[in-house]
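A quick write-up on the structure given underneath.
Just so it is clear: chains get the letters A, B, ... in the order the sequence lines come, proteins before strands, and each one is counted from 1. As the structure is a computational prediction, the values presented were derived from the model and not from experiment.
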Number of protein chains: 2
Amino acid sequence: MDNKDFYTVRGYQIHKKNEKMLTPSMEDYMEMIYRVCRKNGYIRINVLAERLNVQAPSVSRVVEKLKARKLISYEKYGVVQLTDKGKQVGAFLLKRHKAVEAFLKFLGLQETLMDTEMIEHNISVETLKKLILFNRFIQSHPEVLTQYHEFLNKNQDRL
Amino acid sequence: MDNKDFYTVRGYQIHKKNEKMLTPSMEDYMEMIYRVCRKNGYIRINVLAERLNVQAPSVSRVVEKLKARKLISYEKYGVVQLTDKGKQVGAFLLKRHKAVEAFLKFLGLQETLMDTEMIEHNISVETLKKLILFNRFIQSHPEVLTQYHEFLNKNQDRL
DNA sequence: TACATATATTACCCATAGGTAACTTATTTG
DNA sequence: CAAATAAGTTACCTATGGGTAATATATGTA
């Protein structure tokens, strides 16, 4: 085992800094902005705060950061709208969310949101690709789904 | 969609605070302490720093926290040893690590360490149980493994 | 149109998690 | 045994990410 490869969470995050423009927290805000803007075209600070269960000052600060990264357009006291770049990033985040969620549903989780939201920030692009492929595999091999669920039923309490 | 369920990463972490004694960072330190103590019975601050690629002051502080939680025994300038409770926690963390890693290997990832280390802190106990069961399912159904890898080979570049 | 209310921003705070520099203690070496 | 070296601790720093309180701005209402 190559000891040099181990880091703390923060160490790994720093390692990936070059490929990641956004922190997990910013991703959460971006994903929610995308979800709402797809429908309404814009979102306000108080609505974003409500949706993510944070206070308005927290949103205000993050919105400034996302603006600095050219993912949204925003003026003080105004509404938040996505730039083209922001739409791409948001679409990616939602796609990733759905891939993780689909997998957790396959696994047999009743409640998937919290785990999805926690896991999604922590998978590499490589892992995401494989997860998407795996989801497709399960869709095109429903007998595997059946076998796994039968296995689950037989082994639920053997842990 | 029930909007009240969305939080930021920090929000979810606060939600799980009652069931989680350790932060992701502390888990990293505990897992490494466990890995080394299984072999040597003890570890020193400088070795732990080296293994996790952090500086000694960072280790010194975390070690005090883990001692406060009765997971290790430690006196200043001395060696770190696991308590019985610490051994249980360490064993759990390593088991969890291996379950996540086995799954990522199944998925087809060449390099699994970074993703494993990032994902492991973010899955619930429920998800871990299902992952362990899934790993067992794959072990007892090698034909599923084969089918999936054939699927991978055919679809690798269709993403 | 003035006042009330809602929304948003700013200043300051705390917690976590890393760093460096300076210092203390333990160990090694000549 | 004294000096050198290594290991470890402490003080102070930065960054991120949330909060509250106070303040500013926008909107609604009578």
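- Of the candidate nucleotides D:dG18, D:dG17, C:dT10, C:dT10 has the atom lying nearest to any side-chain atom of A:P57.
- Taking only side-chain nitrogens and oxygens, A:K76 comes nearer than 4.0 Å to OP1 or OP2 of C:dT10.
- Between A:S58 and D:dG18 there is no side-chain polar atom (N or O) within less than 4.0 angstrom of OP1 or OP2.
- A sub-4.0 Å separation between OP1 or OP2 of C:dG18 and a side-chain N or O of B:S25 is present.
- The closest side-chain heavy-atom distance from A:L94 to A:K98 is below 4.5 Å.
- Distance B:R44 CZ to C:dT25 P: 17 Å, rounded to the nearest Å.
- Taking atom OH of A:Y42 as the reference point, atom P of C:dT7 lies 12 Å away to the nearest angstrom.
- Each of D:dG8, D:dG17, C:dA17 was ranked by its minimum atom distance to the side chain of A:R10; first place goes to C:dA17.
- Map A:R61 and A:T8 each onto its nearest nucleotide of DNA chain C; the residue landing nearer the 5' end is A:R61.
- Checking D:dA7, D:dT10, C:dA17 against the side-chain heavy atoms of B:N46 singles out D:dA7 as nearest.
- The main-chain N or O of A:F137 is found under 3.5 Å from a side-chain atom of A:S140 such that the two form a donor-acceptor pair.
- Going from atom CD of A:E50 over to atom P of C:dA8 covers 11 Å, rounded to whole Å.
- Atom pair B:Y29:OH and C:dG18:C1' shows a separation of 8 Å (rounding to whole Å applied).
- Close to C:dT16, at under 4.0 Å from its OP1 or OP2, lies no side-chain N or O of B:T23.
- Atom pair A:E27:CD and D:dG17:C1' shows a separation of 15 Å (rounding to whole Å applied).
- Ring geometry for A:F106 against A:F134 counts as perpendicular: the plane angle is over 60°, on a 0 to 90° scale with 30° as the lower cut.
- The phosphate of D:dG18 (OP1 or OP2) has no side-chain N or O of A:Q55 nearer than 4.0 angstrom.
- Atom CZ in B:R51 sits roughly 15 Å away from atom P in D:dA7 (whole-Å rounding).
- Residue B:K65 places at least one side-chain N or O closer than 4.0 Å to OP1 or OP2 of C:dA17.
- The 12-atom threshold is exceeded at OH of A:Y74, counting heavy atoms of other residues, nucleotides or ligands nearer than 6.0 Å.
- Checked by distance alone, A:Y77 brings no side-chain donor or acceptor within 3.5 Å of a matching partner on the base of C:dT9.
- Contact check for A:V59 versus A:N46: no side-chain heavy atoms found under the 4.5 Å cut-off.
- Along DNA chain C, the nucleotide nearest to A:V47 and the one nearest to A:V9 differ in position, and the one closer to the 5' end is contacted by A:V47.
- Between B:H121 atom NE2 and C:dT16 atom C1' there is a gap of 14 Å when expressed in whole angstrom units.
- Taking atom OH of residue B:Y12 and atom P of nucleotide D:dG18, one finds them 12 Å apart after rounding to whole Å.
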